Amino acid sequence: KSKQNGKNRFHFYAREMQSDALKRMQIEADLRAALAQSEFTLEYQPIVAADSGELFGAEALIRWLHPERGAVAPADFVPVAEDSGLIVPIGTWVLREAVRQMHEWNQRGHVLPHLAVNVSGVQFRDPALPALIADVLDDHAVASGALTLEICESVMVDANSATEMRMRALKELGVDYSLDDFGTGFSSLSYLKRFPVDIVKIDRSFVRDCPDDRSDAHLVEAIINMAHSLDLKVVAEGVETQAQADFLRELECDYLQGYLISRPLRAEAFEALLAPGRGFRGELAMAG
Ligand code: C2E
Ligand code: MG
Ligand code: MG
Ligand code: MG
């Protein structure tokens, strides 16, 4: 994958450095420093009910402010973090920070019902993950039902029985699973039946050309119907236009996420959305 995208990847690092390998090494070294020097933050992107505009939850998204290079996009460093194994300590930080933030909001009476955290496949295969999650939830007295782990299909495709057991153990702890970027990997109905998934997130590449592109529109419709027949909820990612939102609502997609509703926000800005009665009804022209 990195070879294919080699031209536009690591563009923050592209100018001075000759080879991809050199860039990767530099990013890796910088990521180690970033962990030590707390250069990461999280942003929170709202996820709303498609029918009412009510806030359902949020997705936590990592941000890296490099002291010299400025903001580096996750697409430019998450793959390097995965290859080097650094995604494990970075992912630990993300989980702790996300749950800490949820606890802080709770304490101020601003309850966020669901917070989704991206968990890389590498991190998911770490046997220490269940203990970490139990510990983090316990530290902050946050109900496990409020935490959703966003995993991608590869976690289930590569699953050995240990991974499957880990997934079930965490499920028993009360966390939910959301299947990220659905449709881009080796999606299979049998995985959806075999693993305890709760939510399917339709990848934004399928949402982008809806409703005009008939084949994408049909694909999105098929995913929603299939998910519902398996008793799963559906989030559409990358909703940018009112026409997309209307189309998705018509198909009874459960939740919407995307720039139409809101860009990812810093914690302080997000907190304003948690005030009682605050929904997105006004912003989204809700049907009916
Ligand atoms: P993702 O999990 O699929 O996250 C959704 C991405 O789509 C985010 O990009 C978000 O900012 C972007 N997005 C949301 N709405 C729209 C929209 O309407 N239009 C467009 N064009 N984009 C939209 P971001 O923050 O750059 O993250 C990219 C990817 O990096 C994520 O994709 C996820 O795979 C990974 N990532 C982000 N944070 C973390 C993290 O904490 N841990 C791990 N392991 N991966 C992360
Ligand atoms: Mg995600
Ligand atoms: Mg996604
Ligand atoms: Mg995606």
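For the single chain, residues carry numbers from 1 onward in sequence order. Indexing begins at 1, ligand by ligand and atom by atom, following the structure's order. The model shown is predicted, which means the values in this text are computed figures rather than measured ones. Side chains are part of it too, since the values below use all heavy atoms of this structure and drop only hydrogens, waters and symmetry mates.
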(request) Any atoms of ligand 1 less than 4.0 Å from a non-hydrogen atom of Val94? List them with their elements. (result) 41 (O)

(message) Among the N/O/S atoms of Glu150, which is closest to the Mg ion (ligand 2)? Give the atom name.
(response) OE1

(request) Specify whether His103 and His140 have parallel, tilted or perpendicular ring planes, treating 30° as the upper limit for parallel and 60° as the lower limit for perpendicular. (result) tilted

(message) Below 4.0 Å from ligand 1: does a non-hydrogen atom of Arg63 turn up there or not?
(response) yes

(request) State the atoms of ligand 1, each with its element, that fall below the 4.0 Å cut-off from a heavy-atom position in Gly258. (result) 15 (N), 18 (O)

(request) Please check if the side chain of Ser178 supplies one atom and the backbone of Leu149 the other of a donor-acceptor pair under 3.5 Å. (result) no

(message) Ile62 versus ligand 1: do any nitrogen or oxygen atoms come within less than 3.5 Å of each other?
(response) yes

(request) Kindly confirm or rule out a cation-pi arrangement of Arg194 over Tyr191, judged by NZ or CZ under 6.0 Å from the six-membered ring centre and within 45° of its axis? (result) no

(message) Residue-level breakdown please: for Arg208 versus ligand 1, do any non-hydrogen atoms fall below 4.0 Å on the side chain, on the backbone, on both, or on neither?
(response) neither

(message) If the cut-off is 4.0 Å to any non-hydrogen atom of Asn118, which atoms of ligand 1 fall inside it?
(response) 2 (O), 38 (N), 39 (C), 40 (C), 42 (N), 43 (C), 44 (N), 45 (N), 46 (C)

(message) I need the contact type for Leu260 against ligand 1. Using non-hydrogen atoms and a strict under-4.0 Å cut-off, is it side chain, backbone, both or neither?
(response) neither

(message) If you measure every N or O of Glu82 against every N or O of ligand 1, does any of those distances drop under 3.5 Å?
(response) no

(message) Give the atom numbers and elements of ligand 1 that come within less than 4.0 Å of a heavy atom of Val239.
(response) 18 (O)

(request) Kindly assign one of parallel, tilted or perpendicular to the pair Tyr255 and Phe56, based on the angle between their ring planes and the thresholds 30° and 60°. (result) parallel

(message) So if I apply the side chain to side chain donor-acceptor pair (under 3.5 Å) rule between Gln45 and each of Gln257, Glu59, Glu237, which one comes out positive?
(response) Gln257

(request) Would you check if Gln244 and Leu256 make a side-chain contact, meaning some heavy-atom pair closer than 4.5 Å? (result) no

(request) Determine whether any heavy atom of Ala75 lies closer than 4.0 Å to an atom of ligand 1. (result) no

(request) Measure Lys201 to ligand 1 on non-hydrogen atoms and call it side chain, backbone, both or neither using the 4.0 Å cut-off. (result) neither

(message) Consider side-chain contact (heavy atoms from CB on, under 4.5 Å). Of Leu265, Val117, Leu42, Asn118, which one does Leu61 pass it with?
(response) Asn118

(request) Check whether any N, O or S atom of Asn118 sits under 2.8 Å from the Mg ion (ligand 2). (result) yes

(request) Within a distance under 4.0 Å of any heavy atom of Glu240, pick out the atoms of ligand 1 and give their elements. (result) 17 (C), 18 (O), 19 (N), 20 (C), 21 (N)

(message) With a 4.0 Å cut-off on N to O distance, would you call Arg24 and Glu28 a salt bridge?
(response) no

(message) Contact between Ile90 and Phe40 at the side-chain level, heavy atoms closer than 4.5 Å - yes or no?
(response) yes

(message) For the 3.5 Å polar cut-off, considering only N or O atoms, please tell me whether Glu59 and ligand 1 meet it.
(response) yes

(message) Out of all atoms in ligand 1, which are within 4.0 Å of some heavy atom of Gln45? Include the element for each.
(response) 14 (C), 15 (N)

(request) Give the numbers and elements of all ligand 1 atoms closer than 4.0 Å to a heavy atom of Gly238. (result) 16 (C), 17 (C), 18 (O)

(request) May I ask you to identify, for Glu237, whether its side chain, its backbone, both or neither come under 4.0 Å of ligand 1 on a heavy-atom basis? (result) side chain

(message) I want to confirm something. Looking only at heavy atoms, which of Pro74, Ala60, Ala98 is nearest to atom 36 (N) of ligand 1?
(response) Pro74

(request) Taking only heavy atoms of Ser120 into account, list the atoms of ligand 1 that are under 4.0 Å away from them. (result) 44 (N)

(request) Could you tell me whether Asp139 and Arg100 have a side-chain N and a carboxylate O separated by less than 4.0 Å? (result) no

(message) Between Glu237 and the Mg ion (ligand 2), is there a contact where an N/O/S atom of the residue lies under 2.8 Å from the metal?
(response) no

(request) State plainly whether the residues Arg96 and Asp135 are in salt-bridge range, i.e. N to O under 4.0 Å. (result) yes

(message) Going by the closest heavy atom to atom 2 (O) of ligand 1, which one wins out of Asp180, Val122, Val117?
(response) Asp180

(message) Among the N, O or S atoms of Asp180, which one sits nearest to the Mg ion (ligand 2)?
(response) OD2

(message) Has His218 got a side-chain atom pairing as donor or acceptor with Arg214's backbone, closer than 3.5 angstrom?
(response) yes

(request) Could you confirm whether Glu59 has any N/O/S atom lying under 2.8 Å from the Mg ion (ligand 2)? (result) yes

(message) Does this structure show an ion pair linking Glu240 with Arg208, if we count only N-O contacts that are shorter than 4.0 Å?
(response) no

(message) Count I, L, V, M, F, W, Y as connected when their side-chain heavy atoms are under 4.5 Å apart, and connections chain through other members. Are Ile199 and Met226 then in the same cluster?
(response) no

